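A short worksheet on the structure shown next.
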Amino acid sequence: MNHLKSLRAFIDALDAIGELQPIDKEVDWRLELGAVARRTYELRAPAPLFNSVTGIEKGFRVLSAPGGLSAQPGLAYSRIALALGLPADAKGAEIVTALADARQREPIPPVVVERAAAPCKQNVMTGDAIDLLKFPTPLIHDGDGGRYIQSFGMNIARTPDGSWTNWSINRMMLVDHNRLACLIPPPQHLGMIRAQWTEQDEDMPVAVALGVEPGLPYVGGMPLPEGDDESHFLGAYFGEPLELVPAETVDLLVPATAEIVIEGYVSRTDLVEEGPMGEYPGYLDRGSHSPKPVLHVTAVTYRDEAILPVAVAGAPVEEDHTGWGLPHAAEMTHVLREAGVPVSACWGVLESAAHWWVVALKPSWHEDSGLDSKDMAQRVGEVVFGAGKLAFGVPKLLLVEHDFDIADAGQIIWAFASRSHPEHGEAHFPAQPQNIIPVYLDEHERLSYHATKVVYNCLLADRFPADQRPVASDFAHNWSPELQQHVLDNWEAYGFKSAKE
């Protein structure tokens, strides 16, 4: 694996494969930056690097769409692949499998480096010198409640007894020069840790690391079990430790190569209005604003000419879908393996805005398990929806045989529409833990953090004798490999353009 240890190394890697678009023209942080970035997602254009932002000191920059998809042939998932040390042409299932396989390896704790070796310490602001407004934080959507400085960084918090450090991504909105408003849902791990500090009548120390090494956000988006330290898993994944350095004013370790680190305490009492914000389901819910906990900032450290990463949440596909979808699919694969389910691979359907998830079983699942499809759907639902943090953001499972490319949205739609029975093709699971951002939830579900979930049974193996199971009538399945290759070899001779164009 090629372990890229800083955001800047990642930017260089993107540039080398044509996945970076430097923008020297001055762009306004008031909506223009967000609009440009959103357009790049929809075109699958290279990631924009904004080098000049209106009203912001020269040198500060913004990188957006760091986990967006690419329009380049064969490089659809290149940004995610490079971030996770894989070849740029890695396929979606290969990325998921790499993450899932690492769950079997021993965790590797981080190492602490000297302050002089930590670029994040090049500039330090404390006390009255703290000024969050100097950074190029955008007002992303027309209708957002404020400017969101934290949209693709790491929130680092530890339990009062020091037994568990959690790394997660939760949005944070600028309030003024030294305060942030924080979305911290109580059922999520960051909320659980805050509750422990509150029980001790103390504010929660936290560090918000922005512009971290590119693999960290994907580990932060992976629903590891309560008590697991994401930085240790990153070490297991790459086979070498993450480099950390002590923070200035809180008892936490932070990534040495981070672009910006914000330190402080999340108040147990102070609240301020936060939201709305265009979010991952693809909508700006104008009613989704409410008082949220305040992070009082005690220090900020940053690199020279710091780069702020910005994810423009909204309609798919953006970082909420890639940075959440692929790691969640990996954890889903892992927990199903551990439960003895004959799973081949899982996938978060990126185009569904993290609402549809595919569980693909080995084609021999019926013979291997002795179960029929109804019982298998029940079993898969019990495992996935009972898997703690994993289940929190997984509302709808599509259960299929792995006889097609599950990363191809067109084939998923085809399989769902053609294989799931409209009357008895569903297994429902009432009152399951659920995050509150999907717009289909009713008020009671949002207040309770619980909702019904579903498994769509698209399995066929138990419905037909083995020698009579339906075969896809497509190019890959209805002609011999020899004839397929003959057609491919002669494609241009037929008068068509090269398949690579």
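Numbering starts at 1 and runs along the sequence shown. Keep in mind that this is a model prediction, so the values were computed, not measured.
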Does the salt bridge (Lys or Arg N to Asp or Glu O under 4.0 Å) test come out yes or no for Glu274 and Arg147, once each step is laid out?
CA-CA 10 Å; Glu274 185 272 343; Arg147 301 164 65 186; over 6 Å; no
Where do Arg171 and Glu279 land on the salt bridge (Lys or Arg N to Asp or Glu O under 4.0 Å) test, with the steps shown first?
CA-CA 10 Å; Arg171 75 192 195 202; Glu279 264 287 5; 3.0 Å; yes
Could you go through Glu19 and Arg79, starting from their C-alpha distance and side-chain angles, then the distance that decides it, and tell me whether this counts as salt bridge (Lys or Arg N to Asp or Glu O under 4.0 Å)?
CA-CA 8 Å; Glu19 283 298 306; Arg79 298 178 211 175; 2.9 Å; yes
Assess whether salt bridge (Lys or Arg N to Asp or Glu O under 4.0 Å) is satisfied between Lys396 and Glu426, documenting all intermediate values.
CA-CA 10 Å; Lys396 305 171 185 179; Glu426 301 174 4; over 6 Å; no
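Contact record, Leu14 with Ala47: CD1-CB, 4.5 Å, taken as the closest heavy-atom pair.
Put simply, the side chain of Trp197 reaches to within 4.5 Å of the side chain of Pro205, judged on heavy atoms. Put simply, the side chain of His450 does not reach to within 4.5 Å of the side chain of Gln434, judged on heavy atoms. For the pair Val208/Met154, no side-chain contact is recorded, criterion being any heavy-atom separation below 4.5 Å from C-beta on.
Of the possible donor and acceptor atoms, none in the side chain of Ser420 sits under 3.5 Å from a partner among the backbone N and O of Ala417. Listed for the Glu42 side chain is no donor-acceptor partner under 3.5 Å among the backbone atoms of Arg39.
Under the rule for a ring-ring contact (aromatic ring centres under 6.0 Å, His included), the partners of His328 that lie at least two apart in sequence or sit in another chain are Trp324, Trp357. For Tyr280, the side-chain hydrogen bond (donor to acceptor under 3.5 Å, both in side chains) partners at least two apart in sequence or on another chain are Asn435. Take Asp403 and apply the salt bridge (Lys or Arg N to Asp or Glu O under 4.0 Å) test, not counting sequence neighbours, and it matches Arg419.
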